[in-house]
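Numbers for residues simply follow the sequence, beginning at 1. Indexing begins at 1, ligand by ligand and atom by atom, following the structure's order.
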Amino acid sequence: MEKRVLITGANGQLGTEITMALRKHPRVERLIATDIALPNQILQQGEFLPLDVCNREQLAAIIQEHKINEIIHLAAYLSAKAEGAALAAWDLNMNGLLNVLEVARTHTSVRQIFWPSSIAVFGPDARATVTLQSAPTNPTTVYGISKVAGEQWASYYTHKHGVDIRSLRYPGLISYQTLPGGGTTDYAVEIFHSAVKGEIYSCFLRENTTLPMMYMPDAVRAAIELMDAPAEDISVRTSYNLTAMSFSPAQLAAAIANRVPGFEVMYRPDARQNIAETWPSYIDDAVARRDWGWSPVYSLDDMVADMLQHLQELSTNPE
Ligand code: AKB
């Protein structure tokens, strides 16, 4: 069946790139990007509707009018922003998701939902050498609590109501099209912008803070492959562990300096350091590999080379 897709939070870092990828997907017949904010330049090139996902009637009306059969629900507060606005973050992250699940339950046109979870579901008690799919999920952040609750709701709606919702626990995502906003892993994007401008980067994490990360083309492909996998292969209905690489700010800075001689970073850890210290450094994604064949393509060095090349091109030719 052809896909008629609605994306929420499409203006964000992941939303912009999933929108770009799905516009080229051979089975996508209709793609409506939505966001509470005005569309960015990339979204303006396709179909866009304003949507506050906390407004269930507005969401339901769009689903019904456009006979949407797939929802990619991305609207959310990220970790650092959520710590500063706990109740607003809970409202968007939880009620936004519950609205999507309820609309899917009551509108039979909706066959599938993709919703991202995060490595933030893990807390200090999951910081093993490598954090397994089955590790305890006892987060100590607002964002992490909302993701754990969301995973349980996803599993509940799948098993109780037959809503086919699929999810990935994304690590930090690195991309050049759109800046992330309000995350703890945002340094790994900002650092490239400083490098390309020839500036010293002031890093808000300590130099040895190792976190799991992924380059955006892998992250987008993972979502598309998970959505396209046969339902009987999906054994995890909370959310799959997923990773590509792990590195610290010092290792990323060194990889950039190999290609941008003289590039320098100074370390000024802030409150985001406290969040990072509760997250895993290394993720085991063996279950995703086994169930639907997940395999990342980009290594640290591949990602650094590609990021620098694209950001340099964008800085010389912004159009
Ligand atoms: C964040 O830093 O909040 C996100 C995440 C790891 O979920 N990038």
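- Among protein heavy atoms, the minimum distance from atom 2 (O) of ligand 1 is reached at T184 N, 2.7 Å.
- Note on D125 versus R127: no salt bridge recorded, every NZ/NE/NH1/NH2 to OD/OE distance being 4.0 Å or above.
- Under the rule for a salt bridge (Lys or Arg N to Asp or Glu O under 4.0 Å), the partners of E47 that lie at least two apart in sequence or sit in another chain are R30.
- Against a heavy-atom cut-off of under 4.0 Å, L78 is close to the following atoms of ligand 1: 3 (O).
- The nearest heavy-atom contact from the protein to atom 8 (N) of ligand 1 is T185 OG1, 2.9 Å.
- At least one N/O-N/O distance between S79 and ligand 1 falls below 3.5 Å.
- Residue W279 approaches ligand 1 through these ligand atoms, each under 4.0 Å from one of its heavy atoms: 1 (C), 2 (O), 3 (O), 6 (C).
- Neither the backbone nor the side chain of A120 comes within contact range of ligand 1; no heavy atom lies under 4.0 Å.
- At under 3.5 Å, a nitrogen or oxygen of S118, whether backbone or side chain, sits near a nitrogen or oxygen of ligand 1.
- Near G183, meaning under 4.0 Å from any of its heavy atoms, are these atoms of ligand 1: 1 (C), 2 (O), 3 (O).
- L205 and A276 get closest at one heavy-atom pair: CD2-CB, 3.9 Å.
- Counting heavy atoms from C-beta on, the side chains of V5 and F114 never come closer than 4.5 Å.
- Y143 and W279 have tilted rings, their planes meeting at an angle from 30° to 60° on a 0 to 90° scale.
- Under the 4.5 Å side-chain criterion, counting only non-hydrogen atoms from C-beta, R206 is in contact with P269.
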